[in-house]
A.B. asks: 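Below is the structure I would like to discuss, written out as structure tokens.
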Amino acid sequence: QVQLVESGGGLVQAGGSLRLSCAASGRSLSSYNMGWFRPGPGKEREFGAAITRSGGNTRYADSVKGRFTISRDNAKNTVYLQMNSLKPEDTAVYYCAADLGVFVHTTQHSYDYWGQGTQVTVSS
């Protein structure tokens with residue numbers, strides 16, 4: 001089992017940048033595809049970005065494509081989310097999640113482990 005801890009959230013003005021980190025312990029992060037989510041309008045968390053175990057492939061939601069970049073450093077057991085050109089509508093708690101599955105998934109139910117989240121607030 002892996003434990004995930006997010007950090008890097010904070011308050012930033014619109015147009016600014018933040019880099020979120022997700023540090024893993026208990027098991028090597030290289031065993032998992034990883035994703036970033038935030039609360040959606042309904043009960044489900046909204047997909048933001050995902051990355052394969054090796055880091056060779058990524059997927060993004062349309063709402064963040066071109067502005068956010070997901071990356072990972074398996075040697076440091078950490079996944080990152082670089083967030084640029086932030087908008088007030090990006091304000092949310094951001095969660096990282098680990099997926100034991102073979103393919104990269106975009107729905108929260110496909111992920112096996114979750115962190116507690118880090119708050120991002122974008123002021124206008």
Side-chain angles (χ1 to χ4, degrees):
Q1 185 168 336
V2 66
Q3 291 79 44
L4 304 173
V5 178
E6 301 93 336
S7 63
L11 174 64
V12 64
Q13 288 189 330
S17 298
L18 282 174
R19 188 175 82 154
L20 306 183
S21 298
C22 173
S25 62
R27 190 171 175 179
S28 173
L29 208 58
S30 61
S31 300
Y32 305 90
N33 293 329
M34 298 296 295
W36 286 95
F37 289 76
R38 62 191 185 190
K43 290 184 178 181
E44 283 219 5
R45 289 175 178 172
E46 177 183 83
F47 170 74
I51 189 167
T52 53
R53 287 170 176 79
S54 67
N57 287 292
T58 56
R59 286 186 70 176
Y60 296 93
D62 288 342
S63 59
V64 307
K65 196 175 295 182
R67 301 188 299 123
F68 292 8
T69 303
I70 188 170
S71 62
R72 67 191 298 159
D73 185 338
N74 287 338
K76 294 183 178 180
N77 241 19
T78 303
V79 174
Y80 305 97
L81 186 68
Q82 178 66 44
M83 310 165 69
N84 298 331
S85 302
L86 282 161
K87 306 174 182 179
E89 51 263 43
D90 293 320
T91 295
V93 177
Y94 283 74
Y95 300 90
C96 71
D99 176 11
L100 280 166
V102 174
F103 303 107
V104 169
H105 295 114
T106 61
T107 57
Q108 69 169 80
H109 300 294
S110 299
Y111 286 76
D112 303 285
Y113 303 102
W114 293 82
Q116 294 300 305
T118 185
Q119 175 70 47
V120 171
T121 303
V122 185
S123 63
S124 57

A.B. asks: In the structure I gave you, are the side-chain heavy atoms of Q119 and T91 within less than 4.5 Å of one another anywhere?
C.D. replies: yes
A.B. asks: Within a reach of under 6.0 Å around CD of E89, are more than 12 heavy atoms found that belong to other residues, nucleotides or ligands?
C.D. replies: yes
A.B. asks: Is N74 reaching over with its side chain to a backbone N or O of N77, donor-acceptor style, under 3.5 angstrom?
C.D. replies: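 Between the backbone of N77 and the side chain of N74 there is no qualifying donor-acceptor contact (under 3.5 Å).
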A.B. asks: Under the side chain to side chain donor-acceptor pair (under 3.5 Å) rule, what pairs show up with a residue in residues 40-49, not counting sequence neighbours?
C.D. replies: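 Sorted result for residues 40-49: R38-E46, E44-H109.
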A.B. asks: Could you give the distance from SG (C22) to CZ (R72), rounded to the nearest 0.5 Å?
C.D. replies: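 It comes to 9.5 Å.
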A.B. asks: Any heavy-atom pair between the side chains of Y95 and E6 that's under 4.5 Å?
C.D. replies: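 Result yes, sub-4.5 Å side-chain heavy-atom pair found.
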A.B. asks: Is the distance from the ring center of F47 to that of F37 below 6.0 Å?
C.D. replies: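 Yes, the ring of F47 comes within the 6.0 Å limit of the ring of F37, centre to centre.
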A.B. asks: Out of curiosity, D73 CG to Y80 OH, how far, rounded to the nearest 0.5 Å?
C.D. replies: 5.0 Å
A.B. asks: So, do R67 and K87 sit near enough that their side-chain heavy atoms are less than 4.5 Å apart?
C.D. replies: yes
A.B. asks: To the nearest 0.5 Å, tell me how far R53 CZ sits from S28 OG.
C.D. replies: 10.5 Å
A.B. asks: To the nearest 0.5 angstrom, please state how far the CD atom of Q116 sits from the SG atom of C96.
C.D. replies: 10.0 Å
A.B. asks: Could you tell me which residues satisfy salt bridge (charged side-chain N to carboxylate O under 4.0 Å, His left out) with D99, sequence neighbours excluded, listed by chain and number?
C.D. replies: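 D99: no salt bridge (charged side-chain N to carboxylate O under 4.0 Å, His left out) contacts found.
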A.B. asks: Between A24 and R27, what is the shortest heavy-atom contact and its length?
C.D. replies: CB-O, 4.5 Å
A.B. asks: Locate the shortest heavy-atom distance separating T118 from G9; write the atom from each residue and the value.
C.D. replies: OG1-N, 3.1 Å
A.B. asks: If hydrophobic residues (ILVMFWY) are linked whenever their side-chain heavy atoms come closer than 4.5 Å, directly or via other members, who joins L100 in its cluster?
C.D. replies: V2, L4, V12, L18, L20, L29, Y32, M34, W36, I51, Y60, V64, F68, I70, V79, L81, M83, L86, Y94, Y113, V120, V122
A.B. asks: Quick check against the 3.5 Å criterion: does S110 have a side-chain atom that pairs as donor or acceptor with the backbone of Q108?
C.D. replies: no
A.B. asks: Is the shortest heavy-atom distance from the side chain of N33 to the side chain of F103 under 4.5 Å?
C.D. replies: no
A.B. asks: Shortest non-hydrogen contact from S85 to S17?
C.D. replies: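 Closest approach of S85 to S17: N-OG, 4.4 Å.
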